[in-house]
Amino acid sequence: MANNKSISKAYDPVAVEKKWYGWWEEQGFFRADPHSDKPHYSVVLPPPNVTGSLHMGHALNITLQDLIARWKRMQGYDVLWLPGTDHAGIATQNVVERRLAQEGKRRTDLGREQFEKVVWEWKEQAEGNILNQARRLGCSCDWSRQRFTLDEGLSRAVREVFVRLHEDGLVYRGEYLVNWCPRCTTAISDLEVEYQPAQGKLWHIRYPVEGGTDVLVVATTRPETMLGDTAVAVHPDDERYAQLVGGTVILPLMDRKIPIIADSFVDREFGTGVVKVTPGHDPNDFEVGRRHQLPIVKVIGEDGKMTQEAADFAGMDRSEAREKVVEALQDLELVEQIEEHLHNVGQCQRCETVVEPLVSKQWFVKAKPLAEVTVEAVKARRTVFVPENYERIYFEWMNNIHDWCISRQLWWGHRIPAWYCDDCREVTVAREAPSRCEHCQGEALTQETDVLDTWFSSALWPFSTMGWPDKTPELDRYYPTSTLVTGFDIIFFWVARMMMMGLRFMGDVPFHTVHINGLVRDEKGQKMSKSRGNVIDPLEIMDEYGTDAMRFTLTILAVPGTDIPFSISRMAGYRAFCNKIWNAGRFLLLNLDDETPASVQEIDTFREKNQLDLGERWILSRLQRVISETNINLEKFRFHEASNELYHFFWHEFCDWFVELAKRNLNGEDLEEKHRTCRVATYALDESLRLLHPFIPFITEELWQELPHSGDSLMLAQYPVDHPEWIDTEAEEQMDGFKELVTDIRTFRSENNIDPRKRIPAQLVCEKQQESFLESQCEQIKSLAHLSQVDLVPQFDSEGGRVPGVSRVADFVLILDDVIDVEADRQRLIQQISRTEENVQRLHKQLQNSEFVNKAPEQVVATARERQAEAVEQLGKLQEKLDGLPQS
RNA sequence: GCCCGGUUAGCUCAGCUGGUUAGAGCGCCUGGUUUACAUCCAGGAAGUCGGGGGUUCGAGUCCCUCACCGGGCACCA
């Protein structure tokens with residue numbers, strides 16, 4: 001029967017991929033339904049920053065989430081996958097500032113309001129760009145619920161959380177030493193400081209002791225901060241300096257008298273054992289200063305330049321001041337020694353400027369009380385990390401947590417909901433702009449100009465996006481979310497903070513599972529970076545290889561807990577896989593004799609009536625195992641195993657063997673057989689497409705639509721469930737023997753340089769027990785081994801120098817006109833014998849070992865015995881063949 | 001300094017709870033227009049699983065140790 005379906009001969013991924021996304025979205029297939037009676041599964045997309053475009057890291061992250069979402073949806077879940085973007089305060093502000101700089105403008109030229117407007121314009125454009133890229137990836141999230149961290153709803157949640165934390169005493173304002181970026185001119189949190197090794201110097205400087213000729217030599221890496229010294233410190237047990245404690249030194253250049261104090265933070269071994277104390281510009285010194293009530297002198301300002309407190313050095317940049325201070329000290333002969341010194345220098349995560357610790361009035365979140373409960377929650381396994389070892393990292397950080405500086409001196413972000421009274425100067429914190437000061441009732445109020453750390457709003461993402469603080473059906477149903485998929489680099493920035501806020505404000509963890517994905521590197525395992533020039537743009541490779549191939553590559557390489565060495569050549573291999581799928585689909589379409597979808601019942605009927613042939617029984621059996629394995633692997637987030645197995649199954653079992661075997665029936669005269677094989681093929685292909693859909697959604701939808709199907713979309717079809725009763729161990733064993741025999745004949749031909757095009761008659765020598773099985777497979781063996789005729793014979797006849805081949809289920813003789821190279825065959829047999837002998841000896845030894853026989857599980861011993869028997873038999877046969885070879 | 005991860009074929013990597021003769025892709029070699037597929041097909045070569053020790057009937061897999069390579073955290077001026 002002719003069919004009217006046809007698909008193009010060549011697989012063109014871009015053409016295929018253009019077709020489906022818009023339709024899926026229009027049809028509303030991505031929508032979650034809070035009123036559904038299905039079980040639910042929820043995921044929030046880690047919101048990409050609106051700083052630019054998507055990179056390979058996003059491609060990986062989105063692919064894995066999409067895989068989960070599609071799989072769960074096909075399993076019958078009501079899936080909420082909630083998308084959105086992050087305003088990314090400092091990062092976005094920097095991007096826009098850089099663009100302004102190209103026009104020779106600064107943000108201060110525009111003013112706050114105008115600048116914010118420009119950033120919003122940028123945001124609109126960047127967001128559109130990013131989300132279209134996500135669509136290109138096949139991202140099946142519910143766009144009707146798209147959020148942005150600066151949305152009105154989310155901003156309300158931010159204010160609510162801030163106010164409540166303030167009410168509970170967990171948000172406070174105070175003057176502390178913070179990390180300051182002089183370029184971004186804002187405070188940043190400890191996490192935003194990145195330490196880089198730098199070759200510096202250690203200057204040994206003499207501080208004259210007051211009232212005598214003694215000097216104390218201090219060692220410092222930052223001589224410019226000496227201008228702000230308010231003490232020198234030694235270790236309380238350091239006998240060298242014990243008598244000086246309580247005295248004073250004269251601070252050079254400033255002629256200020258500062259005390260000599262004792263504090264155990266001093267390391268006696270380092271430098272001279274004397275430390276200059278600059279509470280205004282060093283975290284340790286700040287702590288020492290508090291313990292000893294030392295004054296704070298701020299010598300470096302927020303612009304990175306020396307302040308008026310720096311006297312003669314005022315106005316200099318801090319690096320210039322360093323040189324000048326050293327010069328001045330040298331002039332006074334107060335520099336005793338200069339050592340080379342390798343140390344770590346803190347830089348701003350966003351602009352790599354050296355961070356300046358300085359004292360500043362900022363807002364903080366008291367972290368400890370928030371952190372403790374999250375540790376308990378993870379210990380109780382309410383949230384599970386995959387892979388589990390990230391738990392340790394998480395605990396370590398949570399247990400050593402410091403207060404979180406949340407105010408930023410930026411213009412782009414959530415303005416802190418605090419108002420200062422112009423009269424009494426007190427602060428009023430409120431959800432909405434208050435009309436009066438809560439302290440003096442004054443009406444002249446000015447809002448705090450600082451904004452919040454961008455991670456403050458992302459910390460609320462799992463619930464702020466669902467409508468919190470209102471009670472909504474979404475929160476009710478989808479919180480806690482099922483799974484979070486994110487990178488290890490933001491465990492502290494984001495995951496930890498979501499845990500804190502979720503438990504605090506929702507009373508429950510924000511997600512049950514955190515799946516950590518690795519970094520996408522280049523194929524040599526190097527980090528992708530502009531300077532290395534090894535950055536791969538996902539859009540470019542999707543154009544060239546297709547989204548499906550890229551997704552499959554990412555998935556198969558995504559071993560949990562490891563980075564991903566992304567390889568173009570590997571992706572080319574997976575594009576070839578897609579092509580293989582395409583052609584398998586095409587082949588079946590060319591042979592289709594029935595337009596109805598193949599059902600389980602239909603196949604089961606064939607099965608029950610014993611109508612299926614070996615290949616059919618085998619592929620159905622294998623399919624069940626693959627279905628089961630795939631589901632188990634996905635359950636465990638073992639995406640790489642799942643995709644690997646599907647790849648192997650589809651190509652090297654379904655295509656290489658089943659389809660090859662099926663050709664005989666499909667091309668044959670027996671219509672009943674043809675029909676049955678066609679039905680089994682349709683069924684197996686349909687199931688394969690379903691299995692593969694979450695990995696490679698486009699090509700599978702395209703083919704599924706062409707094949708007989710019921711339902712609108714493969715997206716909505718049921719994900720395969722295995723039928724254990726279809727597992728057919730006998731068929732699997734027989735098929736193994738069959739495959740070995742065919743492969744052995746092929747190898748024999750190849751090794752003997754027999755023209756692959758030539759069809760040759762062959763004899764199979766087999767035992768009685770294999771006879772009927774082999775008889776039934778003669779035609780298939782003939783076709784797959786490229787033989788002209790296959791005869792079963794009881795015994796090998798060496799007449800005419802015919803060299804026998806040996807296989808597990810049968811020996812074979814190819815009947816050739818030409819005499820083949822007997823010597824080569826002798827060598828081959830000798831090699832085969834030696835290999836088999838080794839095998840026999842190994843097994844023999846193992847079985848002689850009474851400990852093995854007694855202690856190993858029965859099953860293991862039994863298989864060892866079987867294998868030994870087989871090997872011995874094989875060895876005999878091989879030896880016989882060798883002896884039978886004509887002498888040369 | 002503390003903590004994690006890695007070291008398996010020429011390259012990049014799999015190998016879950018210890019149990020056949022350790023796998024994949026790419027690359028390499030030999031040969032192929034068998035009418036789905038040259039983005040293909042058939043066959044092949046190639047690994048003392050980083051070194052050493054231990055536990056076990058049995059170790060790539062568990063433990064200890066050493067070496068090297070990554071990464072994270074902390075940071076002493």
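Since the model is a prediction, treat every value here as computed from it, not as a measurement. Chain identifiers are assigned alphabetically (A, B, ...) following the order of the sequence lines, protein sequences preceding nucleic acid strands; residue numbering begins at 1 within each chain.
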message = From CG of A:N400 over to C1' of B:rG72, roughly how many Å is that when rounded to an integer?
response = 13 Å

task = Just call it for A:E641: base, sugar-phosphate, or nothing, with non-hydrogen atoms closer than 4.0 Å on any strand.
result = sugar-phosphate

query = With both distances kept under 3.5 Å, what pairs with B:rG31, Watson-Crick or G-U wobble?
reply = B:rC41

inquiry  = Please classify the nucleic acid contact of A:V659 as base, sugar-phosphate, or nothing, using heavy-atom distances under 4.0 Å.
reply    = base

B:rC63 versus B:rG18 - spacing of their C1' atoms, nearest Å = 13 Å

ask   = Considering only B:rG43, B:rU39, B:rG25, which nucleotide approaches the side chain of A:N579 most closely?
value = B:rU39

message = I want to check one thing: is the phosphate of B:rG44, taken as OP1 and OP2, less than 4.0 Å away from some side-chain N or O of A:T747?
response = yes

message = Distance check, P atoms only: B:rC75 and B:rA67, in whole angstrom units.
response = 27 Å

task = May I ask you to test the A:H402-A:D190 pair for a side-chain heavy-atom distance under 4.5 Å?
result = yes

query = Just checking A:T562: base, sugar-phosphate only, or nothing, at a heavy-atom cut-off of under 4.0 Å?
reply = sugar-phosphate

key: Distance, C1' atom - from B:rU35 to B:rG25, rounded to whole angstrom   = 29 Å

ask   = B:rC4 phosphate, OP1 or OP2: any side-chain N/O from A:R392 under 4.0 angstrom?
value = yes

task = Respond yes when some side-chain nitrogen or oxygen of A:H402 is under 4.0 Å from OP1 or OP2 of B:rA74, and no when none is.
result = no

ask   = Under the criterion side-chain contact (heavy atoms from CB on, under 4.5 Å), which of A:I564, A:D563, A:I536 is the partner of A:R521?
value = A:D563

ask   = Quick one: the side chain of A:E660 and the base of B:rA36, do they pair up donor-acceptor inside 3.5 Å?
value = yes

Spacing of A:I491 atom CD1 and A:F385 atom CZ [to the nearest 0.5 Å] = 6.0 Å

request  = Taking the side chain as every heavy atom from C-beta outward, state whether A:K527 and A:L519 have any pair of such atoms under 4.5 Å apart.
outcome  = yes

query = To the nearest Å, how far apart are A:F650 CZ and B:rA36 P?
reply = 15 Å

inquiry  = Could you tell me how far apart A:R222 (CZ) and B:rA77 (P) are, to the nearest whole angstrom?
reply    = 11 Å

task = Tell me what A:W651 touches on the nucleic acid: a base, only sugar-phosphate, or nothing, going by heavy atoms under 4.0 Å.
result = sugar-phosphate

inquiry  = Give me the distance, rounded to whole Å, that separates B:rU48 from B:rC64 when you measure between the C1' atoms they each carry.
reply    = 22 Å

ask   = Rounding to a whole Å, what distance do you find between A:N753:CG and B:rA42:P?
value = 19 Å

request  = Ignoring backbone atoms, establish whether A:S643 has a side-chain N or O less than 4.0 Å from OP1 or OP2 of B:rA24.
outcome  = no

ask   = Given the P atoms of B:rG71 and B:rA9, what is the spacing between them in whole Å?
value = 22 Å

key: All pairs passing ring-ring contact (aromatic ring centres under 6.0 Å, His included) where residues 260-286 of chain A contributes a residue, at least two apart   = A:F270-A:H341

key: Phosphate-side-chain proximity, A:R749 and B:rG31, N/O vs OP1/OP2 below 4.0 Å   = no

task = Identify, between A:T220 and A:G585, the residue whose nearest nucleotide on RNA chain B lies closer to the 5' end.
result = A:G585

ask   = Picking from B:rA77, B:rC41, B:rC4, which would you name as closest to the side chain of A:K580?
value = B:rC41

task = Report the distance from atom CZ of A:F488 to atom C1' of B:rG71, rounded to the nearest whole Å.
result = 7 Å

message = From the set B:rA36, B:rG70, B:rG43, return the single nucleotide nearest to any side-chain atom of A:R521.
response = B:rG70

task = Using a heavy-atom cut-off of under 4.0 Å over every strand shown, decide if A:V860 touches base, sugar-phosphate, or nothing.
result = base

Upstream residue (5' side of RNA chain B) when A:P857 and A:N284 are each assigned their closest nucleotide = A:P857

ask   = A:H640 NE2 to B:rG15 C1': how many Å, rounded?
value = 8 Å

request  = Would you classify A:K845 as touching base, sugar-phosphate or nothing, given that sugar-phosphate means primed atoms plus P, OP1 and OP2, and contacts are heavy atoms under 4.0 Å?
outcome  = nothing

inquiry  = Using the C1' atom as the point on both nucleotides, what is the distance between B:rA24 and B:rA14, in whole Å?
reply    = 7 Å

inquiry  = For the residue pair A:K580 and A:Y647, would you count it as a cation-pi contact if the rule is NZ or CZ under 6.0 angstrom from the ring centre and within 45 degrees of the ring axis?
reply    = no

ask   = Whole-Å distance between B:rC57 P and A:N854 CG?
value = 11 Å

ask   = Counting only side-chain N and O atoms of A:K855, is one of them less than 4.0 Å from OP1 or OP2 of B:rU56?
value = no

ask   = If you check every side-chain atom of A:F852, which of B:rC57, B:rC37, B:rC4 has the closest atom?
value = B:rC57

remark   = Pairing partner of B:rG47, by Watson-Crick or G-U wobble and under 3.5 Å for both distances, is none

task = For A:F577, answer base if it contacts any base atom (sugar-phosphate contacts may also be present), sugar-phosphate if it contacts only those atoms, and nothing otherwise; contact means non-hydrogen atoms under 4.0 Å.
result = nothing

ask   = Which atoms form the tightest heavy-atom contact between A:W203 and A:R322, and what is the distance?
value = CH2-CD, 3.9 Å

inquiry  = Counting only side-chain nitrogens and oxygens, does A:H343 get under 4.0 Å of the OP1 or OP2 atom of B:rC76?
reply    = no

request  = Could you tell me whether A:T743 contacts a base, only the sugar-phosphate backbone, or nothing, with contacts defined as non-hydrogen atoms closer than 4.0 Å?
outcome  = sugar-phosphate

message = Rounding to an integer number of angstrom, what distance separates B:rC41 and B:rU33 when you compare their C1' atoms?
response = 11 Å

request  = Check whether the side chain of A:N344 and the base of B:rC75 form a donor-acceptor pair under 3.5 Å.
outcome  = yes

query = Between A:F552 (CZ) and B:rA24 (C1'), how many Å, whole number?
reply = 12 Å

Minimum heavy-atom distance A:L814-A:A762, with the two atoms named = CD2-CB, 3.7 Å

ask   = NA contact type, A:T221, heavy-atom cut-off 4.0 Å: base, sugar-phosphate, or nothing?
value = sugar-phosphate

